[in-house]
Amino acid sequence: MVGDCVAKDSYPDGNITWYRNGQVLLPVDGVVNVEWWKEKNSTSGLHNMRSTLEYMSTKEDINAQFSCAVIYYIPNALATMESDPAVFDIYYPTEKVTIHVQSPKKTIKEGDNITLKCIGNGNPPPEEFLFFLPGQEEGIRSSSAYHITDIKRNATGDYKCSLLNKIMIASTMVTVHYLDLSLTPSGEIIKQVGDSLSVSCIPSASKNVSVTWMKNQKILAQPSFSNLQYRDSGIYECETSLMEVDGLRRKKTLRLTVEGKPRIKLSKKTNADGKSKTILYEVDGFPKPEVQCVRLGNDLYLNKTEETTLSNGKYSAKIIISPEENVTIICSAENKLGREVHSLNVSAISFPESDDRIDSSGDNNDHAKLIVGIVVGLLLAALVAGLAYWIYIKKSGSTSKHVGKELGNTEENKKLEENNHKSEA
Ligand SMILES: *[C@@H]1O[C@H](CO)[C@@H](O)[C@H](O)[C@H]1NC(C)=O
Ligand SMILES: *[C@@H]1O[C@H](CO)[C@@H](O)[C@H](O)[C@H]1NC(C)=O
Ligand SMILES: *[C@@H]1O[C@H](CO)[C@@H](O)[C@H](O)[C@H]1NC(C)=O
Ligand SMILES: *[C@@H]1O[C@H](CO)[C@@H](O)[C@H](O)[C@H]1NC(C)=O
Ligand SMILES: *[C@@H]1O[C@H](CO)[C@@H](O)[C@H](O)[C@H]1NC(C)=O
Ligand SMILES: *[C@@H]1O[C@H](CO)[C@@H](O)[C@H](O)[C@H]1NC(C)=O
Ligand SMILES: *[C@@H]1O[C@H](CO)[C@@H](O)[C@H](O)[C@H]1NC(C)=O
């Protein structure tokens with residue numbers, strides 16, 4: 001029943017017509033039924049008319065405007081009078097339920113707050129639903145919005161909702177992305193030089209991810225240390241990210257410090273001016289060792305040049321002396337892990353040095369090279385000496401003193417050259 005349309009006190013009588021959205025509604029069996037009544041007031045002679053409309057509504061009639069009009073004759077014309085339009089609520093049951101996920105970003109990550117929204121297409125829309133969480137038989141009764149705060153990775157799965165009668169079920173898949181990174185060892189790590197250390201950085205994520213290693217901001221391959229050196233010290237970072245998920249990245253840091261006892265090497269040479277000698281030390285160790293050199297029998301520390309860094313954890317400096325007599329120099333290198341002391345015999349300035357590196361605590365390879373160098377040097381010296389002697393015999397006029405001096409200088413220059421080659425090697 002859409003309504004009753006009444007026209008009162010008309011003369012002559014007229015007809016009532018029904019309209020839907022301005023279109024005349026014609027009777028259709030079982031869908032549009034219109035009934036009319038007319039009566040004449042016997043005292044006034046005026047007519048009253050009434051009509052009812054019965055209409056079978058469908059969803060298309062949502063917001064449709066129904067109205068009625070009375071049409072009657074006036075002299076030489078037709079007149080009409082229209083009612084106000086009326087709109088009716090059309091009620092219909094839910095035929096379909098849908099579920100969707102409202103999340104702050106396109107992808108969902110651990111810690112997000114999400115809302116599951118369930119909608120039934122009936123009118124009025126259903127207000128209560130059952131929500132089924134992944135793997136749960138029992139539905140949770142809720143309004144059309146079901147909130148999940150701080151969602152966890154184990155919340156990944158199929159979410160369903162239905163009307164309370166459990167017919168018409170909608171479902172949607174929710175994937176909660178996550179990214180973990182485990183670095184072992186991590187934090188501050190202190191190892192001794194020569195130790196081995198295996199490190200691993202293992203990601204665990206909702207998708208396949210790869211890790212990137214960086215040392216002091218430079219990319220490098222997965223590090224592995226079978227024999228730690230001072231140069232291995234540094235800040236190692238292992239990083240990974242999930243491309244698909246905005247802002248999901250993880251980084252772990254390892255601060256590796258390689259420590260070691262001091263090791264010191266001493267060498268000496270006569271300077272080109274022939275008036276002084278240079279003692280060179282090379283020291284390694286971490287923390288940086290403190291080096292002090294004294295002359296045996298005299299407790300004064302010897303002045304040394306500023307230490308230069310040869311490589312990570314390796315330093316050198318020089319001491320220049322002009323000994324009047326044969327002296328022994330003692331150098332000690334010390335850090336919190338230990339102390340190493342070496343001595344070096346330096347002959348008086350009037351005796352040019354014939355030996356080079358005294359200390360040979362370096363590796364065997366260095367040692368072998370040194371020995372070969374010395375042997376070759378001695379052979380060359382012998383050759384030069386032989387040649388000089390031969391020249392001396394030939395030129396019998398020359399003085400032995402003069403040749404001796406020359407011989408000394410040549411020999412020393414050879415030594416210096418060799419020394420240079422060795423430090424390059
Ligand atoms: C009312 O309807 C009747 C019968 O359908 C018709 O004869 C008459 O002319 C109509 N009157 C008007 C004013 O349209
Ligand atoms: C999730 O909601 C809670 C309160 O309901 C709020 O404290 C928290 O900050 C929200 N988290 C995010 C990531 O928006
Ligand atoms: C998911 O994990 C959280 C801890 O992260 C736990 O409290 C919760 O019970 C787990 N839920 C399920 C369904 O396993
Ligand atoms: C992840 O990687 C493994 C092996 O590397 C592979 O078997 C698997 O199919 C990958 N998964 C995806 C989602 O790419
Ligand atoms: C060492 O150097 C200091 C200042 O640089 C100087 O005063 C001192 O005399 C020097 N000592 C020796 C033994 O040369
Ligand atoms: C230094 O000379 C002393 C004698 O003056 C000797 O006993 C010592 O062995 C020498 N040291 C080295 C390293 O040659
Ligand atoms: C000093 O050393 C040189 C060799 O380096 C040696 O020939 C000389 O005898 C030494 N002098 C003294 C006083 O020991």
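Owing to the predicted nature of the structure, the values given are computational and were not obtained by experimental measurement. We count ligands from 1, going down the list as the structure has it; atoms in each ligand are counted the same way. Numbering of residues begins at 1 and proceeds along the displayed sequence.
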Partners meeting side chain to side chain donor-acceptor pair (under 3.5 Å) with K336 (sequence neighbours left out): E259
Side chain to side chain contact (heavy atoms under 4.5 Å, CB included) partners of K106, counting only residues at least two apart: none
Partners passing side chain to side chain donor-acceptor pair (under 3.5 Å) against N227 (at least two apart in sequence or in another chain): Q229
Exceeds 12 heavy-atom contacts within 6.0 angstrom, atom CG of D273: yes
Student check: side-chain heavy atoms of P124 and Y91 closer than 4.5 Å: yes
Test of proximity, N345 against ligand 6: N or O pairs below 3.5 Å: yes
Separation of Q292 CD from L302 CG (nearest 0.5 Å): 10.5 Å
Y281 six-ring centre to K304 NZ/CZ under 6.0 Å and within 45° of normal: no
Numbering as shown, the atoms of ligand 7 that approach S347 to under 4.0 Å (heavy-atom distance): 2 (O), 5 (O)
Within the protein, residues bringing a heavy atom under 4.0 Å of ligand 2, chain by chain: G111, N113, T149
